[in-house]
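Remarks on the structure that follows.
Convention: sequence-line order gives letters A, B, ...; per-chain numbering from 1.
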Amino acid sequence: MRIATWNVNSVNSRLPRLVEWLRLASPDVLCLQETKVADDAFPAEPVEALGYRVAHYGQGRWNGVAILSRVGLDDVARGFAGDPGFPDGETLEARAVAATCGGVRLWSLYVPNGREPGHPHYTYKLAWFAALRDAVRAEAAGSAPFALLGDFNVAPQDVDVWDVAKFADATHVTPPERAALAQLRDLGLADVMPRALKGPHPYTFWDYRGGAFHKAEGMRIDLVYANPALAKAVTDAYVDREARKGKGASDHAPLVVDLSL
DNA sequence: ATGCCTTTCCCAGAAAGA
């Protein structure tokens with residue numbers, strides 16, 4: 001079974017590349033983030049033509065997450081209890097969707113950016129992590145394979161950014177954000193470390209600006225956090241940086257995990 | 001270096017991303 005996660009930065013803008021990549025990589029399940037469409041505007045037809053079913057949770061201009069599966073799509077959950085919302089609990093954002101696919105429980109996550117330390121969005125990011133942890137605790141502890149996949153918007157370690165000195169006073173590397181990841185791992189989840197297809201670092205994101213991709217100025221912020229039942233089944237994991245090349249690419253590359261369940 | 005690019009809203013330029 002092949003599962004994958006990809007922040008596509010607009011599913012409509014990325015549709016030709018998404019269809020091409022589904023054909024090339026042939027994942028059984030693909031988690032998408034930043035679809036940037038409402039549920040009724042998701043371009044399901046070309047995806048369904050390839051044999052996938054779609055669970056989408058979107059809201060239009062921003063955010064939006066989905067799970068595409070050709071091995072079943074059961075018990076879909078949109079959002080989670082305790083989501084703090086932004087700017088308040090009256091305004092929930094479409095950042096989490098879950099489904100059970102072929103007996104594997106998977107969450108597609110788009111963690112809030114945080115903008116800058118001390119910003120209300122940063123406070124929201126940390127609260128969102130804490131609520132997510134509580135919401136998935138029981139599923140993670142079960143005997144069935146389980147994983148959180150998506151754009152976590154945190155680089156777990158200094159080696160996960162191209163130059164940590166450039167991130168002084170910036171989000172994605174602060175101790176509270178990394179502590180939020182550690183608290184997820186404390187649920188018994190393991191960071192499924194991908195191999196890089198080129199170079200030493202399995203980055204998953206390169207900014208559009210300044211030729212970052214060609215200068216290898218990337219970040220590993222798209223992650224797969226797996227419980228023991230899933231982690232022990234991993235046979236391979238890699239970042240498909242080919243998908244970041246050329247015109248019309250997302251600023252994120254897909255992260256692929258192969259399982260022998 | 002207060003940007004660099006890309007996307008959305010929708011047609012002008014702001015907001016957001018990370």
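- Evaluation of the salt bridge (Lys or Arg N to Asp or Glu O under 4.0 Å) rule for A/Asp88 yields no partner, not counting sequence neighbours.
- Shown here are the side-chain contact (heavy atoms from CB on, under 4.5 Å) partners of A/Asp169, two or more places apart in sequence or in another chain: there are none.
- Counting any heavy atom pair closer than 4.0 Å across all strands shown, A/Asn63 reaches no nucleic acid atom.
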Which side-chain N or O atoms in residues 184-200 of chain A pair as donor and acceptor under 3.5 Å with protein atoms at least two apart or in another chain?
| unit_1 | atom_1 | unit_2 | atom_2 | d |
| --- | --- | --- | --- | --- |
| A/Arg185 | NH1 | A/Tyr225 | OH | 2.9 |
| A/Asp191 | OD1 | A/Arg220 | NH1 | 3.1 |
| A/Asp191 | OD2 | A/Arg220 | NH1 | 3.4 |
| A/Asp191 | OD2 | A/Arg220 | NH2 | 2.9 |
| A/Arg195 | NE | A/Asp236 | OD1 | 2.9 |
| A/Arg195 | NH2 | A/Asp236 | OD2 | 2.9 |

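- Looking at residues 198-226 of chain A, you'll see A/Phe205, A/Tyr208, A/Arg209, A/Gly210, A/Met219, A/Ile221 sit with a heavy atom under 4.0 Å from some atom of DNA chain B.
- One P atom belongs to B/dG17, the other to B/dA12, and the distance between them is 26 Å to the nearest Å.
- Residues of residues 110-126 of chain A that place a heavy atom closer than 4.0 Å to DNA chain B, in numerical order, are A/Tyr110, A/Asn113, A/Arg115, A/His121.
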Result block: side-chain N/O donor-acceptor pairs under 3.5 angstrom for residues 42-57 of chain A, not counting sequence neighbours:
| unit_1 | atom_1 | unit_2 | atom_2 | d |
| --- | --- | --- | --- | --- |
| A/Tyr52 | OH | A/Pro27 | O | 2.5 |
| A/His56 | ND1 | A/Asp39 | OD1 | 2.8 |
| A/His56 | NE2 | A/Thr35 | OG1 | 2.8 |

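- The ring-ring contact (aromatic ring centres under 6.0 Å, His included) pairs that include a residue from residues 7-38 of chain A are A/Trp6-A/Trp21, where partners are two or more places apart or lie in different chains.
- When side chains are defined from C-beta on, A/Lys125 counts as touching A/Val111, because their heavy atoms get closer than 4.5 Å.
- If you walk DNA chain B from 5' to 3' and mark each nucleotide with an atom closer than 4.0 Å to a heavy atom of chain A, the marks span B/dC4 to B/dA18.
- For residues 171-197 of chain A, the set of pairs meeting the ring-ring contact (aromatic ring centres under 6.0 Å, His included) definition, not counting sequence neighbours, is empty.
- Annotation: side-chain hydrogen bond (donor to acceptor under 3.5 Å, both in side chains) contacts of A/Glu242 (sequence neighbours excluded): A/Lys245.
- A distance of about 16 Å separates the P atoms of B/dG13 and B/dC4, rounded to the whole Å.
- When each of A/Ser13 and A/Asp251 is assigned the nucleotide of DNA chain B with its nearest heavy atom, A/Ser13 is the one assigned upstream, toward the 5' end.
- The gap from the P atom of B/dA16 to that of B/dA1 amounts to 26 Å, rounded to the nearest Å.
- Between the OH atom in A/Tyr208 and the OG atom in A/Ser250 there is a gap of 5.0 Å [rounded to 0.5 Å].
- Residues meeting the side-chain contact (heavy atoms from CB on, under 4.5 Å) test with A/Lys247, sequence neighbours left out: none.
- Checked against side-chain contact (heavy atoms from CB on, under 4.5 Å), A/His121 has the following partners two or more places apart in sequence or in another chain: A/Phe86, A/Arg95, A/Pro112, A/Asn113, A/Arg115, A/His119, A/Tyr124.
- Spacing between B/dC10 and B/dT6 at atom P, rounded to whole Å, works out to 22 Å.
- A/Ser10 comes within 4.0 angstrom of sugar-phosphate atoms only, judged by non-hydrogen atoms across all strands, and of no base.
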